[in-house]
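What you see is a predicted model, and the numbers here were worked out from it, not measured in a lab. Chain identifiers are assigned alphabetically (A, B, ...) following the order of the sequence lines, protein sequences preceding nucleic acid strands; residue numbering begins at 1 within each chain.
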2 protein chains.
Amino acid sequence: MRDEIAIFREFVRMKGLRNTPERETIIREICATRDHFDVDELYLRLKRKKKKISKPSIYRLIPLLLEARLIQEAYFEEGHLHYEPIYGREHHCHLRCLNCGKTIEFTEEFLDKLETKLAEEYDFVIRGHKLEVFGYCSKCKLHI
Amino acid sequence: MRDEIAIFREFVRMKGLRNTPERETIIREICATRDHFDVDELYLRLKRKKKKISKPSIYRLIPLLLEARLIQEAYFEEGHLHYEPIYGREHHCHLRCLNCGKTIEFTEEFLDKLETKLAEEYDFVIRGHKLEVFGYCSKCKLHI
DNA sequence: GTATGTGCAAATCATTTGCATTCTC
DNA sequence: GAGAATGCAAATGATTTGCACATAC
């Protein structure tokens, strides 16, 4: 988390923007669990800890965190996006249960090769990928 | 498109629901281009053709079309979901330009093997996957 | 000192819902 | 004829914006 803060400070400096204690508080909270989150849930977590952070401040910070590659979009569900911190983590994909929402993270080295292949074939500079596999988990598949 | 209509008729019959001319009009419009679409754009397309279809009717139809596997979610962008018709099409993935939105569809047989592997490893019944690769296309990569 | 960030309240946009009416089966 | 579907208008929920004030650089 120290790293993420340092990276963000450098990021805003390079962009000519400003850092604030509110932003660092949000980043610390995101990194504290290293888990998936959405805006509302993050807001409530901060509120529970008596941090006075408004939702707009979270919404305004997210594009910066995405650009700084400290977080990424994980999946869209229940009508809103879910994000996850990614700094210092190996890239991974998600296997999700359509019934109970259980999520398993897995890594797949083949996808790097695929990126290289696509870059050549279509003359793209690849920045990343998002793979979601969905189905029913061991428990839910019995009732479906 | 004849096929999709027939499939939808059978689908509603099996579910004890009802078919309507409005629903067939929407399905025809979706299949007419076989292209990605979002609700608002679809609504405007229908409006331009003087079809009197309300947005709620589109919103109410989409879950049925997803369940009948006539469409699938393609990607979330600009604050809303985009869909695409899939009936009679080979499953494919998307390569998207982060700058101009250019989208290339590609197929990758490896992903079927991955599904099988994940099903065994995590005891899931797999229903599908969504892979998006993003980066900058040949034109945009020069200016970024 | 300037101009960026903050919190609040209001606005916006996508989507859903209640309801009276219409239509399918 | 019963129960679904439609269109409209209103409600909801997520996100964005305007603005006055605070604060980072």
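Looking at which nucleotide of DNA chain C each of B/V39 and B/R60 is closest to, the 5′-most match is held by B/V39.
Between B/H82 and B/H80, the angle of the ring planes stays under 30°, which puts this pair in the parallel group of the 30/60° scheme.
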Residues A/E24, A/N19; criterion side-chain contact (heavy atoms from CB on, under 4.5 Å); working and verdict: CA-CA 8 Å; A/E24 296 201 356; A/N19 193 21; 2.4 Å; yes
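When the nucleotides D/dC25, D/dA4, D/dA14 are ranked by their closest atom to the side chain of A/R18, D/dC25 comes out on top.
Taking atom CG on A/L81 and atom P on D/dT15, their separation rounds to 7 Å, with Å as the unit. Counting to the nearest Å, the P atom of D/dA5 and the CG atom of B/L65 are 13 Å from each other.
Under 4.0 angstrom from either OP1 or OP2 of D/dA5 there lies at least one side-chain N or O belonging to B/R23.
The bend of the helix from C/dG1-D/dC25 to C/dC25-D/dG1, defined by the angle between the axes of its first five and last five pairs, stands at 40° to the nearest 10°.
Judged by the 6.0 Å and 45° rule, B/R96 forms a cation-pi pair with B/Y75. Judged by a 6.0 Å distance limit and a 45° cone about the ring axis, A/R69 is not positioned over the six-membered ring of A/Y87.
Bracketed by its first and final contacts, the part of DNA chain C lying under 4.0 Å from non-hydrogen atoms of chain B reaches from C/dA14 to C/dC25 in 5' to 3' order.
Residue pairs satisfying the ring-ring contact (aromatic ring centres under 6.0 Å, His included) criterion with at least one member in residues 97-127 of chain B, sequence neighbours excluded, are listed as follows: A/F110-B/F110.
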